[in-house]
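Predicted model, so just to flag it, every value in this text is computed and none were measured. Counting starts at 1 for both ligands and their atoms, following the listed order.
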Amino acid sequence: MNTDPGARGVAVITGGSRGIGSATAVAAAHAGWSVLLTYQHDEHAAVKVVETIQNAGNHASYIRADMAKDQDLAAMFEAADELGTVTAFIANAGVAASQSRVDELTPSRIAEILAVNVAGPILACGQAVRRMSTLHGGVGGGIVLVSSAASRLGAPGEYVDYAASKGAIDTLGIGLAREVANEGIRVNVVRPGIIDTEMHSRNGRPDRAEKMAHTIPMQRAGQPEEVAASIIWLLSNEASYCTGGILDIAGGR
Ligand code: NAP
């Protein structure tokens, strides 16, 4: 139970308006962070998450930020600075696209997926490190990158481009963790399996979580809150010796 809202500093959560990001925003606020969450298109959804957090007596605000725009990422961290000391960054926002084979992919689709899922998180991690690192006078902190089980399964016939972008996130986590391990920052990756969010309907497959359940050893899709709980644990002192880790949250898939 959080008795001191905001006592842990500020947590920046990209794509915190829906799905895994909104569940993580609620859990982070409950655990004592002041939350700055971002959205890209749906401001109403962001407002609803912020109101949920504030109604529970915790701190949250939101800003629009496109992961594909460096200036938006800078503005996002400047807004976070106004709330307090940034001690947590969760690179959650990510996009896939409609089910396609590699021989059907277009350059514009690939460019968007790489901009949002890879370049944005790398640049945003740079912003986070400049604030958290003891090398830069910071007090340290935690970074969690949201990858996908697709990075090890490859998503053949669905979205290999998306899977490849998440492979890059796994590697970012390993490299960045080692780069800043002695600067007070722990970096870890979570790899969700099939999670019941709007992402599937936005990719043209609203029944994907239900239809794929039989392929999952636990025979069900995961819930956003189950991923959020792992993210909060990785950010917490309970995980104080865990960095460069990749945690599968995929029901055994
Ligand atoms: P979601 O329900 O589709 O939510 C995506 C979030 O990202 C929304 O808040 C959305 O905001 C934001 N967003 C979209 N495009 C953006 C952009 N260009 N810049 C900044 N924000 C943007 O997704 P989710 O299922 O929660 O997925 C969250 C993360 O988990 C993603 O990285 C995804 O790849 C990963 N993941 C999901 C699953 C799954 O089965 N759901 C499995 C493995 C990994 P707006 O609504 O305003 O656009």
Looking only at protein heavy atoms, identify the closest one to [atom] and say how far it is in Å.
atom: atom 23 (O) of ligand 1; result: M199 CB, 3.8 Å
atom: atom 25 (O) of ligand 1; result: T197 OG1, 2.5 Å
atom: atom 15 (N) of ligand 1; result: V95 CG1, 3.5 Å
atom: atom 16 (C) of ligand 1; result: Q40 CB, 3.5 Å
atom: atom 44 (C) of ligand 1; result: S147 O, 3.2 Å
atom: atom 18 (N) of ligand 1; result: D66 OD1, 3.1 Å
atom: atom 31 (C) of ligand 1; result: N92 O, 3.1 Å
atom: atom 2 (O) of ligand 1; result: R18 NH1, 3.1 Å

Could you list which atoms of ligand 1 come closer than 4.0 Å to a heavy atom of [X]?
X: Y162; result: 33 (C), 34 (O), 35 (C), 36 (N), 43 (C), 44 (C)
X: G94; result: 31 (C), 32 (O)
X: I20; result: 26 (O), 30 (O), 37 (C)
X: H41; result: 45 (P), 47 (O), 48 (O)

**Q.** The one among A150, G193, A65 that brings a heavy atom closest to atom 20 (C) of ligand 1
**A.**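 Residue with the shortest heavy-atom distance to the ligand atom: A65.
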**Q.** Shortest reach to atom 30 (O) of ligand 1 by a heavy atom, considering only T38, V49, V146
**A.** V146
Answer yes or no: does atom [atom1] of [X] have more than 12 heavy-atom neighbours from other residues, nucleotides or ligands under 6.0 Å?
X: N237; atom1: CG; result: no
X: H44; atom1: NE2; result: no
X: N182; atom1: CG; result: no

Geometric N/O contact [X] with ligand 1, under 3.5 angstrom:
X: R208; result: no
X: G15; result: yes
X: G21; result: no
X: V116; result: no

Q: Give a yes or no answer on whether the side chain of N188 reaches the backbone of G245 with a donor-acceptor pair at less than 3.5 Å.
A: yes
Q: Say whether, by atom type as modelled, one donor and one acceptor occur between the side chain of Q54 and the main chain of A60 under 3.5 angstrom.
A: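 Indeed, once roles are kept as given, a pair shorter than 3.5 Å links the two residues.
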Q) Are side-chain heavy atoms of S133 and V180 found at a separation under 4.5 Å? A) no
How does [X] reach ligand 1, by side chain, by backbone, by both or by neither, if only non-hydrogen atoms under 4.0 Å count?
X: I195; result: both
X: K166; result: side chain
X: H200; result: side chain

Q | D42 versus S17, side-chain donor and acceptor atoms under 3.5 Å | A | no
(Q) Within the structure, is a non-hydrogen atom of R64 found at a distance of less than 4.0 Å from ligand 1? (A) no
Q. Thinking salt bridges, do D161 and R109 make one under a 4.0 Å N-O criterion?
A. yes
Q. Which residue, E158, R208, R205, forms the side chain to side chain donor-acceptor pair (under 3.5 Å) with Q99?
A.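 So, applying the side chain to side chain donor-acceptor pair (under 3.5 Å) to Q99 and each of E158, R208, R205, only R205 qualifies.
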